[in-house]
Structure formats: C-alpha cells, structure tokens
Amino acid sequence: MAAGRVPVLVGPTAVGKTAVALALAAHWPLEVISADSRQVYRRLDIGTAKPTKKERARVVHHGLDLIDPGTRYSAGHFARDATGWIAAVRAAGRMPVVVGGTGLYVRALAEGLFREPALDPTRRRRLGARAARLEPLELVRWAGRLDADFRGGGRQRAARAIEVALLTGAPLSHWQRAAREGGTIVPWYIVLTVPRAVLHARIARRAEEMVRRGLIEEVASVLADGYQAGAAGLDGIGIREAVDFLHGRRSRDSVAEAIAVSTRQYAKRQETWFRHQVEGPVITLDATRPPERLAAEIAEAWERT
C-alpha cells in the first residue's frame with residue numbers, strides 16, 4: 001500500500017458506488033468523503049439519491065447536508081472542506097474513501113484548481129475570432145504545436161489550448177501541472193462500469209423508486225417553504241421534473257420516465273469524463289458483479305500497490 005494515497009471510487013450515476021463503498025467497510029475502517037455536488041443540499045434526500053439513514057449509520061459520510069437550497073457551493077469550496085475531513089478521518093486512525101460522480105469535485109481535490117493568469121480581453125476576442133475561422137483539424141494541429149502535451153479533443157478544447165499558450169506565453173499543460181501541485185491527495189482511482197443496457201435499467205428502477213418514495217412530495221415541501229424553483233440545488237435532474245409536475249407542465253405518470261431520460265444523458269457525460277480525465281493509478285471494475293466481490297477485489301488490489 002502506497003503511503004499517502006486515497007482510494008477514489010467513481011463512475012456514472014446508478015452504477016452502484018454507494019453499495020460498493022458500504023461493502024468495503026468489511027475490509028477497511030473507512031469513512032466516506034462524498035464527492036457529489038447535489039448531495040450537499042439539505043432536505044433533498046430522495047431527489048439527490050443520498051445514502052439512506054440506515055446506510056449512513058453503517059458508515060460515516062462527510063459532505064452531505066452542508067447547505068440549504070439556493071446556496072452556491074463550488075468545487076474549490078469542496079476541495080477545502082474535503083481536505084479537512086480527510087485529515088480528521090486519518091487522525092482518528094480510520095481510512096478516508098472518496099466516493100462520487102462529480103468529476104470537477106474529484107479533480108479539485110486530487111489535482112487542485114487551474115487558476116489562469118489574467119488574459120487581455122481585446123487580444124482574447126481577436127484570437128477567438130481567428131480560431132472560429134479555422135477547421136477543427138487545423139485547430140487541433142496548432143494546439144499540438146503550441147503545447148507538446150496537448151492530449152487532443154474537440155474544437156473547444158483545442159481553441160482553449162491555443163488561447164492560453166499565446167496569451168500567457170506558457171502552454172496550458174504548464175498551468176495544469178502547477179494546479180496539480182496544489183492537489184491535496186494522491187488519488188488511487190477505482191472506476192465502476194457496467195454495459196449501457198444494464199446502466200439504463202438501473203437508472204429506470206432508481207427513477208421509479210424515487211417517485212414511489214415521495215420525491216414529488218419532498219420537492220413540494222421545499223418549495224412551500226419559499227425556496228424558488230431553479231435555484232441552486234433545485235435545478236438538478238429529478239428535482240426539475242418534479243417541479244414540472246407541480247407547476248402543471250407534465251403528468252405525474254411521466255415524471256419517472258423524464259428523470260430516467262435526463263439521467264441517461266448525464267450518465268453518458270460522466271462516463272466520457274472519467275474515461276478521458278482520470279489520471280494516475282486506475283483500476284476499472286465490472287459492476288454487474290455483487291458489491292461484496294468488488295469490495296474484496298479492491299481491498300486485494302490496494303494491498304498490492
């Protein structure tokens with residue numbers, strides 16, 4: 001086991017991260033550091049698919065129920081808070097395990113936040129106009145010339161690499177390396193995956209269960225206390241579909257399916273993010289298998305590192 005490393009369990013929504021984290025408690029005296037940008041909000045337990053009270057009684061979770069709806073909570077704020085939680089867990093002789101699907105939160109904690117130097121707005125607009133006239137392949141070629149460590153991507157990523165290199169005098173990879181030096185953990189990634197059809201079925205079951213457990217009533221209660229629909233915490237998948245029903249924009253019977261459709265789209269973006277953005281030691285596991293088996297494999301792999 002490498003000193004200083006922290007297990008970071010990631011994957012798309014509904015893949016089974018919580019179940020695997022709970023199963024890991026049979027192997028490690030762990031506490032979970034939740035990296036979920038929606039579960040920081042109080043009261044929205046069903047709508048944000050928080051671990052249940054029973055699950056939280058089994059394993060301590062940090063990062064849940066931090067703020068009221070309507071309040072903003074940034075990735076930088078998370079990184080600062082999580083650093084404190086991790087230190088406290090370690091001081092208690094226990095093991096922190098970061099669990100979640102919000103990629104920016106994970107990156108902020110593991111790699112620090114990229115804070116670019118000030119860019120001259122006039123030069124930036126001129127450069128943007130010129131970049132807009134170039135074909136995507138030409139943009140990628142220029143990005144590679146200006147930054148030897150450019151890892152590819154679409155038009156937006158290439159244009160960003162060109163902009164930073166020309167306007168700061170240093171390639172984007174330089175600034176990203178500087179940011180990583182500000183990271184507060186050495187991540188050891190576990191990425192959970194399942195076939196697309198399996199994930200879609202799990203998402204559909206979760207959406208139906210959310211409505212059955214009282215999602216709509218939960219959201220109605222929050223709105224009745226004066227919180228505005230669309231405010232921070234009330235603008236996420238699941239919540240907004242319930243709001244649509246409460247405002248007469250959809251039928252109750254359509255809520256679960258609408259949630260499932262939006263969640264599938266979000267899960268696809270998560271999968272893409274974790275496939276291309278996670279760096280460092282990574283193990284990828286097929287989460288169609290029982291959580292207990294996955295937890296045993298994770299514990300064995302951890303001991304071998």
Side-chain angles (χ1 to χ4, degrees), residues 9-19 34-52 63-65 67-75 78 99-107 154 156 191-223 227-277 287-288:
L9 179 62
V10 298
T13 185
V15 78
K17 296 183 293 292
T18 295
S34 174
D36 189 302
S37 62
R38 299 179 62 218
Q39 294 181 354
V40 300
Y41 289 99
R42 302 185 185 104
R43 302 185 60 178
L44 300 169
D45 297 352
I46 300 170
T48 61
K50 288 176 193 167
T52 64
L64 308 180
D65 300 326
I67 54 177
D68 290 328
T71 305
R72 294 291 176 184
Y73 187 83
S74 68
F78 167 78
V99 181
T102 302
L104 189 57
Y105 277 25
V106 173
R107 172 183 281 175
Q156 185 174 356
V191 180
L192 300 185
T193 66
V194 293
R196 186 65 53 82
V198 174
L199 184 62
H200 287 183
R202 290 183 181 181
I203 287 170
R205 286 196 299 271
R206 172 181 281 188
E208 292 169 359
E209 179 70 6
M210 288 167 68
V211 175
R212 188 192 67 77
R213 288 179 55 209
L215 166 67
I216 293 171
E217 292 73 19
E218 176 181 79
V219 174
S221 175
V222 173
L223 295 178
Y227 295 100
Q228 297 298 310
L234 290 167
D235 56 353
I237 297 170
I239 310 297
R240 61 175 181 248
E241 288 79 9
V243 169
D244 282 347
F245 164 71
L246 292 167
H247 288 179
R249 294 191 290 265
R250 71 167 60 254
S251 69
R252 187 182 183 97
D253 290 343
S254 72
V255 172
E257 176 59 23
I259 293 171
V261 170
S262 296
T263 304
R264 289 197 296 267
Q265 295 168 348
Y266 175 56
K268 185 176 180 179
R269 294 194 297 272
Q270 288 177 299
E271 289 176 318
T272 300
W273 200 97
F274 288 120
R275 186 163 54 247
H276 295 294
Q277 299 298 323
T288 59

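Any value given below was found using the heavy atoms of this structure, including those in side chains, with hydrogens, waters and symmetry copies removed. Nothing here was measured: the structure is a model prediction, and the numbers come from that model.
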Enquirer: Is the shortest side-chain N to carboxylate O distance from R212 to E209 below 4.0 Å?
Expert: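 Looking at R212 and E209, the cut-off is met.
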Enquirer: Looking at W273 and G103, what are the two nearest heavy atoms and their distance?
Expert: CH2-O, 3.2 Å
Enquirer: Do the side chains of R196 and E271 get close enough for a salt bridge, i.e. N-O under 4.0 angstrom?
Expert: yes
Enquirer: Carefully, step by step, assess E241 and S262 under the rule side chain to side chain donor-acceptor pair (under 3.5 Å).
Expert: CA-CA 9 Å; E241 288 79 9; S262 296; 3.2 Å; yes
Enquirer: Mind checking the CG-OG1 spacing from L192 to T288? Nearest 0.5 Å is all I need.
Expert: 10.5 Å
Enquirer: Can you tell me how far CD1 of I239 sits from CG of L44, rounded to the nearest 0.5 angstrom?
Expert: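 Answer rounded to 0.5 Å: 4.5 Å.
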Enquirer: Between V243 and V219, does a side-chain contact (heavy atoms from CB on, under 4.5 Å) hold up when you go through it step by step?
Expert: CA-CA 7 Å; V243 169; V219 174; 3.8 Å; yes
Enquirer: Can you list the residues that meet the side-chain contact (heavy atoms from CB on, under 4.5 Å) rule with D65, with sequence neighbours excluded?
Expert: R42, D45, K50, R56
Enquirer: How would you list, by chain and number, every residue that makes a side-chain contact (heavy atoms from CB on, under 4.5 Å) with A49, sequence neighbours excluded?
Expert: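 Testing A49 for side-chain contact (heavy atoms from CB on, under 4.5 Å), a comparison that skips the adjacent residues, returns R206.
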Enquirer: Can you check whether D68 reaches Y41 side chain to side chain, under 4.5 Å on heavy atoms?
Expert: no
Enquirer: Looking at A207 and A260, what are the two nearest heavy atoms and their distance?
Expert: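 Minimum heavy-atom contact is CB-N, 4.1 Å.
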Enquirer: Run the numbers on R38 and T102 for side chain to side chain donor-acceptor pair (under 3.5 Å), then give the verdict.
Expert: CA-CA 9 Å; R38 299 179 62 218; T102 302; over 6 Å; no
Enquirer: Do Y105 and D36 touch side chain to side chain, with heavy atoms closer than 4.5 Å?
Expert: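 A side-chain contact under 4.5 Å is absent here.
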Enquirer: If I compare all heavy atoms of A267 with all of T13, which pair ends up nearest, and what's the gap?
Expert: CB-CG2, 4.1 Å
Enquirer: Under 4.5 Å between any side-chain heavy atoms of L215 and I259, yes or no?
Expert: yes
Enquirer: Measuring from R213:CZ to I46:CD1, what's the distance to the nearest 0.5 Å?
Expert: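 So the gap between those two atoms works out to 5.0 Å.
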Enquirer: At their closest point, which heavy atom of R202 faces which heavy atom of A287, and how far apart are they?
Expert: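 Closest pair (atom of R202, atom of A287, distance): NH2-O, 3.0 Å.
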Enquirer: Is there a side-chain contact between R264 and K268, using heavy atoms and a 4.5 Å cut-off?
Expert: no
Enquirer: Using 0.5 Å steps for rounding, measure from the CZ atom of R240 to the CG atom of L246.
Expert: 15.0 Å
Enquirer: Answer yes or no: is there a side-chain heavy-atom contact under 4.5 Å between P51 and L64?
Expert: yes
Enquirer: Quick one, V191 and T193 - any side-chain contact, counting heavy atoms below 4.5 Å?
Expert: yes
Enquirer: Just checking R249: does its CZ atom have more than 12 heavy atoms from other residues, nucleotides or ligands closer to it than 6.0 angstrom?
Expert: yes
Enquirer: Heavy atoms, side chains only, cut-off 4.5 Å: are V99 and S34 in contact?
Expert: no
Enquirer: Between V222 and Y227, what is the shortest heavy-atom contact and its length?
Expert: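 Scanning both residues completely, I find the closest heavy atoms to be O-CD1, 3.3 Å.
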Enquirer: Does R252 qualify as a cation-pi partner of F245, given the criterion of NZ or CZ under 6.0 Å from the six-membered ring centre and within 45 degrees of its axis?
Expert: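 Yes, R252 and F245 form such a contact.
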Enquirer: Determine the minimum heavy-atom distance between G238 and M210, stating which atoms define it.
Expert: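 Between these two residues, the closest heavy atoms are CA-CE, 4.5 Å.
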Enquirer: Would you sort out whether L234 and Q228 count as a side-chain contact (heavy atoms from CB on, under 4.5 Å), showing the intermediate values?
Expert: CA-CA 8 Å; L234 290 167; Q228 297 298 310; 6.0 Å; no
Enquirer: As an exercise, state the distance from CZ of F274 to CZ of R269, rounded to the nearest 0.5 Å.
Expert: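 Going from the CZ atom of F274 to the CZ atom of R269 covers 12.5 Å.
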Enquirer: Could you give the distance from CD1 (I216) to CG (D244), rounded to the nearest 0.5 Å?
Expert: 10.5 Å
Enquirer: Please tell me if the side chains of K17 and V15 come closer than 4.5 Å, counting only heavy atoms from C-beta onward.
Expert: yes
